[in-house]
Amino acid sequence: MNDQNQHSSGLGRRAVLSVAALGAGGAVLGAAGTAQAQGAPRTATDVTATTARGGAPKLPVPAVIGHRGSAGYRPEHTFGSYEFALDIGADVVEQDLVPTKDGHLVCRHEPEIGGTTDVADHPEFADRKTTYTIDGVPTTGWFTPDFTLAELKTLRAVERLPTVRPHNTIYNGRWEIPTFDEVLAWADAEGRKRGKVIWLHSETKHPTYFRGLGLPLEEKLAKLLRQHGRNGADAPQFLESFEAQSLQRLGKLGVAAPKIFLLGAANTQPWDFVVAGDKRTVADLVTPTGLKWTAGFAQGIGPTTDLIIPRDSTGKLLAPTTLVKDAHAQGLVLHPYTARNENQFLPLDYQVGTDPNAYGNPLAAFKNWFATGIDGLFSDNADTAVLAREDYLNS
């Protein structure tokens with residue numbers, strides 16, 4: 001996908017993207033995004049959704065992205081989690097996509113499902129437990145590529161972090177594993193019910209690994225997006241991956257929806273880089289040169305929050321990096337991850353007490369991340385993020 005090459009200057013490109021439905025990638029930024037790129041303050045009125053080219057609504061800036069739905073309150077990647085994310089104010093709902101043995105895309109954070117379903121309680125699947133090495137990491141459990149869709153549909157979702165979020169365990173067994181096809185149909189139905197277009201943020205998980213198994217993700221994903229009218233440049237649909245090749249492949253398949261390149265810790269490498277012998281690390285990718293390269297195939301990046309405001313060895317925040325400014329200079333939006341309420345996930349500056357599972361001061365923490373000028377934030381707790389955004393916009 002080469003539409004972004006039409007705009008070579010960073011700020012100019014980003015401003016054009018904001019008013020022209022991202023050119024090659026959907027309607028993401030409104031006037032607020034352009035104003036922030038120029039250093040002007042934003043107000044609450046800036047985040048009022050308007051209509052962009054093609055009918056897809058512009059998103060609030062910064063947008064709140066419901067991480068795996070509302071993972072802080074419901075077992076992740078269930079319709080209960082997705083629906084509650086919308087109920088509490090998420091502007092976008094995220095899915096992680098992995099394949100089944102018979103080639104369907106289902107929504108699970110990882111292909112290993114021992115921690116997110118009741119598969120261990122099914123004696124008929126006891127012999128499916130095994131160990132695989134995925135992206136260099138040996139993992140033991142039950143894996144979606146060893147199950148047909150029909151078999152997965154006999155399972156029910158459970159809370160992944162029961163000791164951290166015991167309140168979520170009351171929903172164990174309530175919801176099944178959704179397919180992405182079902183989620184796309186759900187988004188259409190929810191949009192009609194709620195009177196607004198539902199934005200999705202969908203990730204290809206371990207795409208190089210699954211392609212090696214003969215279960216490629218991108219072709220199936222592109223087909224589903226076309227079937228549901230979400231493949232175009234003005235679709236209310238983000239596509240994300242930790243592997244550049246996956247996003248590039250989607251572009252070659254004709255999918256013009258906006259693409260977000262996810263970035264892990266600075267000293268890590270995308271797995272497709274490892275396989276290809278590319279020596280660059282994430283630290284290289286967040287330089288102006290690396291960001292310029294990313295802008296050749298993506299409309300944004302999804303860095304860890306630590307790449308924006310690093311922490312010292314104790315977990316205390318250091319000075320912000322120049323990543324937000326540098327990414328915006330290349331016309332890229334930023335959707336960092338992941339903002340959560342519990343102490344153990346917060347910088348030391350915002351922890352309260354000594355219980356790692358207790359809530360800290362997430363409103364202040366989230367506001368601090370918003371204040372860096374990011375364009376969106378993944379959160380397990382969308383309601384907290386919405387309130388923190390209000391605090392930021394009114395400060």
Side-chain angles (χ1 to χ4, degrees), residues 28 36 42 47 59-77 81-82 84-96 109 159-161 164-165 167-168 199-201 203 238 240 242 260 262-265 300-311 315-318 320-321 323-324 327 333-352 355-395:
V28 178
Q36 181 67 15
R42 293 187 277 192
V47 300
L59 286 173
V61 180
V64 172
I65 304 161
H67 188 235
R68 309 176 199 169
S70 51
Y73 309 113
R74 302 288 189 272
E76 64 193 34
H77 291 313
S81 184
Y82 297 154
F84 194 61
L86 295 176
D87 291 343
I88 61 176
D91 305 302
V92 188
V93 179
E94 188 206 25
Q95 306 79 48
D96 295 320
H109 174 53
E159 170 56 35
R160 184 176 64 90
L161 301 173
V164 179
R165 295 164 174 167
H167 48 283
N168 289 4
W199 276 81
L200 302 178
H201 214 305
E203 180 183 350
F238 291 103
E240 52 175 318
F242 280 98
I260 305 295
L262 301 173
L263 301 171
I301 58 172
T304 69
T305 55
D306 288 350
L307 290 173
I308 294 174
I309 310 179
R311 308 184 199 188
K316 192 174 180 63
L317 291 176
L318 300 170
T321 68
L323 180 56
V324 174
V333 299
L334 296 97
H335 290 173
Y337 66 94
T338 303
R340 299 176 168 108
N341 285 356
E342 292 90 356
N343 275 323
Q344 63 183 284
F345 303 119
L346 291 169
L348 182 63
D349 315 58
Y350 302 106
Q351 295 178 18
V352 177
D355 182 354
N357 299 324
Y359 282 6
N361 187 3
L363 285 169
F366 294 12
K367 179 184 175 183
N368 194 39
W369 285 317
F370 283 134
T372 63
I374 59 176
D375 305 281
L377 182 65
F378 284 91
S379 180
D380 284 7
N381 309 91
D383 51 350
T384 306
V386 168
L387 291 174
R389 178 175 63 189
E390 288 181 11
D391 293 344
Y392 158 60
L393 291 171
N394 292 320
S395 62

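These numbers come from the heavy atoms of this one structure, side chains and all, not from hydrogens, waters or symmetry mates.
In this structure, a donor-acceptor pair under 3.5 Å is absent between the side chains of N343 and Y350. Y73 and N168 share no side-chain donor-acceptor pair at under 3.5 Å.
The heavy-atom pair separating G302 from I260 by the smallest distance is N-CG2, 3.4 Å. Of all the heavy atoms in S81 and E76, the pair that sits closest is OG-CA, 4.1 Å.
In this structure, W199 and V93 have side chains that are not in contact, with every pair of non-hydrogen atoms separated by 4.5 Å or more.
Between R311 and D349, no side-chain nitrogen of the basic residue sits less than 4.0 Å from a carboxylate oxygen of the acidic one, so the salt-bridge criterion is not met.
Close placement of the H201 and H335 rings is indicated, their centers lying within 6.0 Å of each other.
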- [ ] Start with the C-alpha distance between E159 and R74, add both sets of side-chain angles, then the distance that settles salt bridge (Lys or Arg N to Asp or Glu O under 4.0 Å), and finish with yes or no.
- [x] CA-CA 7 Å; E159 170 56 35; R74 302 288 189 272; over 6 Å; no
F238 and L200: CA distance, side-chain angles, deciding distance, side chain to side chain contact (heavy atoms under 4.5 Å, CB included) verdict: CA-CA 6 Å; F238 291 103; L200 302 178; over 6 Å; no
- prompt: Going through the checks in order, is the side chain to side chain contact (heavy atoms under 4.5 Å, CB included) test met by N368 and L317?
  reply: CA-CA 10 Å; N368 194 39; L317 291 176; 3.4 Å; yes
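Take D91 and apply the side chain to side chain donor-acceptor pair (under 3.5 Å) test, not counting sequence neighbours, and it matches R389. For P320, the side chain to side chain contact (heavy atoms under 4.5 Å, CB included) partners are I309, not counting sequence neighbours. D391 meets the salt bridge (charged side-chain N to carboxylate O under 4.0 Å, His left out) test with no other residue; sequence neighbours excluded.
With H109 as reference, R68 is the one residue of Q95, E94, R68 to meet the side-chain hydrogen bond (donor to acceptor under 3.5 Å, both in side chains) rule.
Relative orientation of the Y392 and F370 rings is parallel, given thresholds of 30° and 60° on the angle between their planes.
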